[in-house]
> 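Got a structure for you, questions after.
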Amino acid sequence: MNNKDIARLLRNAAASYAIKDEKKHYFQIIAYQKAADAIEDSTAEAKDLYKEGKLDQLSGVGPSIKQHLTELFKTGKITHFETVMGGVPPAVFPLLDIPSFGPKKAFKLVEHFKFKNPDTVIDDLKKVAGSGKIATLEGFGKKSEELILHVITEYEDGIKKNVRMVLPFANEIAEKLLAYLKKSPDVMEAFPLGSLRRMLSTIGDVDIAVATKNPEAVLEYFVNYPYKERVIEKGPASSSLLISGGQHIDLMVQPPDRFGSLLQHFTGSKAHNIALREYALKKGFSLSEYGIKNMKDGTVKKYNSEEKFYNSLGLSWIPPEMRENTGEIVLAAKNELPKIVDVKDMKGDFHIHSNFPIEPSHDLGRNSMQDMLNKAKSLHYEYLGFSEHNPSVSKHTSQQVKAILEKRNIKIEQLKKDNKSIRIFSLLEVDILANGKVALDDESANVLDGMLVSIHSAFSMDKKDMTKRVLAGLSHPKAKILSHPTGRLLNQRPGYDLNWEEIFDFAIKNNKALEINSWPQRLDLPDSLVREAVKYGVKFVIDTDSHATEHMNLMKYGVAVARRGWLTKGDILNTNRYNKVTEWFNLKS
DNA sequence: GCCGTTTTCGGCCCGACTGTTTTCAGTCG
């Protein structure tokens with residue numbers, strides 16, 4: 001049973017309570033949902049935490065849920081949940097994945113039409129809706145029947161509640177929409193907000209806030225967006241669209257003098273907003289997108305900037321990437337938020353694949369070393385590290401490999417002479433083989449300035465063996481960086497299991513860095529593990545893993561991961577000047 | 001059922017929008 005299954009179980013229990021008696025179980029419902037969120041977001045598997053006796057370190061898991069989970073891992077079921085879910089037909093639960101379906105609506109329909117089979121319920125419901133039988137039900141009508149047909153069709157086309165796009169993809173959708181919005185004379189300011197502004201690795205909906213003196217006109221203009229598929233809703237202050245790719249975009253509008261509270265409200269996260277409002281309530285204030293309401297006299301103060309909004313609560317402004325309710329409010333109250341890294345702090349990139357003919361077993365870059373250097377100069381970098389994949393082991397003898405690397409070094413020496421304004425490192429991305437050895441012999445390794453080591457094969461090892469393998473690879477004296485440490489590919493495959501405590505500990509003791517890889521499908525190390533690692537004192541590098549010059553622009557996404565992990569400049573090696581970096585690579589300059 | 005820099009008991013964010021109603025329930029963020 002993995003985290004996703006457990007979260008689903010908790011949500012189903014919450015839904016069952018909502019169906020049976022929502023008022024009576026109101027706070028249990030919230031508690032179950034909170035715990036489900038925490039488990040779904042956790043990088044550690046709940047089962048592992050259970051084995052280590054650390055289940056209660058998940059916020060939202062208290063004595064009762066802990067006991068339930070313990071029972072689940074021991075026996076495979078939770079007796080209490082079986083009681084809670086008793087009497088709720090199993091066919092209710094699959095409907096909860098469909099947008100616009102909540103527990104009550106799903107239950108009413110399943111109950112009335114006596115749907116028994118969870119595997120066919122969606123199809124069964126579609127047939128009933130098509131025959132017009134829903135419109136006559138009490139509490140339903142023609143419009144809601146049409147909506148049900150709509151959302152089921154969309155669901156079958158792959159539009160589910162929890163399908164998320166990678167960050168740069170969402171960014172592109174937002175850019176395109178912003179360009180459209182800015183053409184309207186009524187739009188004074190327009191910003192992407194929500195998870196996009198907080199720079200999450202994957203984005204559900206694209207949220208946009210607009211400041212305007214004419215909300216009606218802006219909303220009307222918005223719903224006429226040329227790429228719209230359908231208007232989901234439209235009111236006086238907000239609207240949602242479904243666009244042709246199946247993504248949701250939400251727009252919220254306020255006059256300019258309320259833009260600060262609007263930004264704050266719509267940026268979230270939900271957990272941050274809830275915690276912030278609880279904090280404000282204790283001081284006698286109630287928060288909303290309209291401003292800050294004084295509970296004593298009922299007056300509402302407006303804020304045109306977010307900074308003023310936070311300041312008036314006695315808090316310093318909190319960077320959006322930190323707004324996840326993981327301690328930021330307490331620190332903001334003490335004015336002790338760390339100064340997190342900025343993309344301008346980056347002075348180089350160690351993970352660059354040029355098209356130098358290195359005969360690797362993986363992919364080669366598309367552009368020449370000189371092209372990559374030119375791009376690095378345009379980014380005002382001080383140094384660049386070339387790190388193509390190691391020459392394929394199966395197709396070369398070790399002498400041949402060494403010859404290729406020496407040839408590459410000659411090329412690099414020439415480039416150093418031709419490019420005085422930038423320094424160059426001769427690195428290599430080397431596979432850690434299944435047996436823990438690196439795919440390069442020592443003699444070849446010695447002609448390099450350093451190695452990035454990474455896993456590219458045999459992913460399905462158990463945690464213990466994989467940890468052993470990674471540590472063996474990383475212990476090579478030339479190995480300085482563990483590249484894309486989890487191996488995850490967003491929306492494609494989860495990362496492999498590692499004992500992170502051991503990895504962090506090893507990295508600190510042996511002066512190794514963990515990479516934050518900026519590649520959109522990777523964003524690896526993930527932000528939550530970055531946050532963990534930095535508490536141990538681990539050092540990082542942020543790289544782009546570029547295979548073409550334009551990929552070097554992706555650095556901002558890696559920096560976003562670092563910001564979400566609360567890293568400061570001092571935690572990241574490639575914010576340092578060249579001399580300090582050479583010291584770290586153990587090179588004499 | 002969870003949680004604590006006023007609390008180990010007594011609270012628990014705040015609002016938008018839709019559809020079916022004639023004041024509200026359900027869903028969403």
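It should be emphasised that the depicted structure is a prediction, and the values quoted were computed from it without experimental measurement.
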> The side chain of A:Lys143 lies closest to which of these nucleotides: B:dG19, B:dC3, B:dT27?
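Minimum distance to the A:Lys143 side chain belongs to B:dG19.
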
> Of A:Lys108 and A:Gln28, whose closest DNA chain B nucleotide lies nearer the 5' terminus?
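Comparing both residues, the 5'-ward one is A:Gln28.
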
> Measure CD/A:Glu216 against P/B:dC17 and give the value in whole Å, please.
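Rounding to the nearest Å, CD of A:Glu216 and P of B:dC17 are 13 Å apart.
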
> Taking only side-chain nitrogens and oxygens of A:Ser288, does any of them come within less than 4.0 Å of OP1 or OP2 of B:dC14?
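False: A:Ser288 side-chain N/O out of range (4.0 Å or more) of B:dC14 OP1/OP2.
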
> Name all pairs fulfilling the side chain to side chain donor-acceptor pair (under 3.5 Å) condition that reach into residues 51-61 of chain A, sequence neighbours left out, sorted by first residue then second.
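Sorted pair list: A:Lys54-A:Glu501, A:Asp56-A:Lys66.
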
> If you compare every side-chain N and O of A:Ser144 against the phosphate oxygens of B:dG19 (OP1, OP2), does one of them come in below 4.0 Å?
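For B:dG19, neither OP1 nor OP2 has a side-chain N or O of A:Ser144 closer than 4.0 Å.
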
> In whole angstroms, how far is the P atom of B:dT20 from the CD1 atom of A:Ile134?
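Result: 11 Å.
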
> Could you identify the nucleotide paired to B:dA16, looking across every strand shown and requiring Watson-Crick or G-U wobble geometry with both distances under 3.5 Å?
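Checking every strand shown, B:dA16 finds its partner in B:dT27, with both distances under 3.5 Å.
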
> Please work out if A:Phe140 contacts a base, only the sugar-phosphate, or nothing of the nucleic acid, heavy-atom cut-off 4.0 Å.
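Sugar-phosphate contact only - A:Phe140 comes under 4.0 Å of backbone atoms but never of a base.
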
> Please give, in whole Å, the distance from B:dG19 P to A:Glu138 CD?
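That distance rounds to 18 Å.
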
> If you measure only the distance, is there a donor-acceptor pair under 3.5 Å linking the side chains of A:Glu22 and A:Tyr17?
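There is no such pair (donor and acceptor under 3.5 Å, judged by atom type) between the side chains of A:Glu22 and A:Tyr17.
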
> Which nucleotide in the set B:dA16, B:dT18, B:dC14 lies at the smallest distance from any side-chain heavy atom of A:Ser286?
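So the nucleotide nearest the side chain must be B:dC14.
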
> At under 4.0 Å between heavy atoms, what does A:Leu287 touch on the DNA or RNA strands: base, sugar-phosphate, or nothing?
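Sugar-phosphate contact only.
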
> How long is the line joining NE2 of A:His265 and C1' of B:dC17, in whole Å?
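So the NE2-C1' distance, A:His265 to B:dC17, works out to 13 Å.
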
> Can you tell me how far P in B:dG26 sits from the matching atom in B:dT20, rounded to whole Å?
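Pairwise P distance, B:dG26 against B:dT20, rounds to 14 Å.
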
> Quick check: A:Tyr221 with A:Tyr180 (ring centres under 6.0 Å apart)?
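When the ring centroids of A:Tyr180 and A:Tyr221 are compared, they turn out to be within the sub-6.0 Å range.
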
> Distance between the P atoms of B:dG15 and B:dG10, in whole angstroms?
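That atom pair is separated by 27 Å.
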
> Check every strand shown and say whether A:Ser239 touches a base, only sugar-phosphate, or nothing at a heavy-atom separation below 4.0 Å.
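Here A:Ser239 touches no strand at all.
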
> Can you tell me how the ring of A:Phe81 sits relative to the ring of A:His68, calling it parallel under 30°, perpendicular over 60° and tilted otherwise?
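Tilted, since the angle between the ring planes falls between 30° and 60°.
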
> Do any side-chain nitrogens or oxygens of A:His80 fall under 4.0 Å of OP1 or OP2 in B:dG1?
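It does, given that an N or O in the side chain of A:His80 lies less than 4.0 Å from OP1 or OP2 of B:dG1.
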
> I need the CD-C1' distance between A:Glu145 and B:dT20, as an integer number of Å.
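Roughly 14 Å, once rounded to whole Å.
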
> When we call it a touch if two heavy atoms are under 4.0 Å apart, what does A:Asp207 touch: a base, just sugar-phosphate, or nothing?
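Touches nothing.
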
> Would you indicate what A:Lys142 reaches in the nucleic acid, counting non-hydrogen atoms under 4.0 angstrom: base, sugar-phosphate, or nothing?
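Here A:Lys142 touches the backbone only, sparing every base.
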
> Just checking A:Lys282: base, sugar-phosphate only, or nothing, at a heavy-atom cut-off of under 4.0 Å?
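Base: the residue A:Lys282, judged by heavy atoms under 4.0 Å, touches a nucleobase.
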
> Quickly work out the A:Ile30 CD1 to B:dG11 C1' distance and round it to whole Å.
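Rounded to whole Å, this separation is 12 Å.
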
> Pick the C1' atom in B:dT6 and in B:dG11, then give their distance to the nearest Å.
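Comparing C1' positions in B:dT6 and B:dG11 gives a spacing of 14 Å.
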
> Stacking between B:dC2 and A:Phe27, yes or no? Criterion: centroid separation under 5.5 angstrom, plane angle under 30 degrees.
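Aromatic stack with B:dC2 absent for A:Phe27.
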
> So what does A:Tyr26 hit on the nucleic acid, given a heavy-atom distance under 4.0 Å: a base, only sugar-phosphate, or nothing?
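The residue A:Tyr26 makes no contact with any strand.
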
> Taking atom P in both B:dT22 and B:dC17, what distance in whole Å separates the two?
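Result for the P pair: 23 Å, nearest Å.
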
> Quickly work out the A:Leu251 CG to B:dG29 P distance and round it to whole Å.
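Answer to the nearest Å: 15 Å.
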
> Checking A:Lys176 against A:Tyr227: charged group under 6.0 Å from the ring centre and within 45 degrees of the axis?
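Yes; both conditions hold, so A:Lys176 lies above the ring face of A:Tyr227.
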
> So which one's nearest nucleotide on DNA chain B is more toward 5', A:Asp250 or A:Leu281?
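Its nearest nucleotide lies further toward 5', so the answer is A:Leu281.
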
> Aromatic contact between A:Phe285 and A:Tyr279, with the criterion being ring centroids under 6.0 Å apart: yes or no?
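No; A:Tyr279 has its ring centre 6.0 Å or more from that of A:Phe285.
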
> Heavy atoms under 4.0 Å, any strand shown: does A:Ile65 hit a base, just sugar-phosphate, or nothing?
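Sugar-phosphate, no base atom in range.
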
> Let's see if you can work this out: which of B:dT18, B:dT27, B:dG1 has an atom nearest to the side-chain heavy atoms of A:Ser64?
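The closest nucleotide is B:dG1.
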
> Do the side chains of A:Lys126 and A:Glu156 get close enough for a salt bridge, i.e. N-O under 4.0 angstrom?
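A:Glu156 and A:Lys126: salt-bridged.
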
> Of the options B:dT27, B:dC2, B:dC17, whose atoms approach the side-chain atoms of A:Lys104 most closely?
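Of B:dT27, B:dC2, B:dC17, B:dT27 is nearest to the side chain of A:Lys104.
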
> Write down the distance between CD (A:Gln264) and C1' (B:dC14), rounded to a whole number of angstrom.
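To the nearest whole Å, that distance equals 12 Å.
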
> Among the nucleotides B:dC17, B:dC3, B:dG1, which one has an atom lying closest to any side-chain atom of A:Glu233?
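Within the option list, the nearest is B:dC17.
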
> Between B:dC12 and B:dT18, how far is it from one P atom to the other, in whole Å?
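Taking atom P in both B:dC12 and B:dT18, they lie 29 Å apart.
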
> Mark yes or no: A:Lys105 above the aromatic ring of A:Phe101, with NZ or CZ under 6.0 Å from the six-membered ring centre and no more than 45 degrees from the axis.
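Yes, A:Lys105 sits over the ring of A:Phe101.
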
> Quick check on B:dA16: is either OP1 or OP2 less than 4.0 Å from any side-chain nitrogen or oxygen of A:Tyr290?
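So the side-chain polar atoms of A:Tyr290 do come within 4.0 Å of the phosphate oxygens OP1 or OP2 of B:dA16, strictly under.
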
> If we take the P atom in both B:dC28 and B:dT23, what is their distance in whole Å?
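B:dC28 and B:dT23 have their P atoms separated by 26 Å.
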
> What distance, rounded to whole Å, do you find between the two P atoms, one in B:dA16 and one in B:dT21?
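Straight-line distance between the two P atoms is 24 Å.
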
> Are OP1 or OP2 of B:dG26 and a side-chain N or O of A:Lys105 less than 4.0 angstrom apart?
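For A:Lys105, the contact criterion (side-chain N or O under 4.0 Å from OP1 or OP2 of B:dG26) is not met.
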
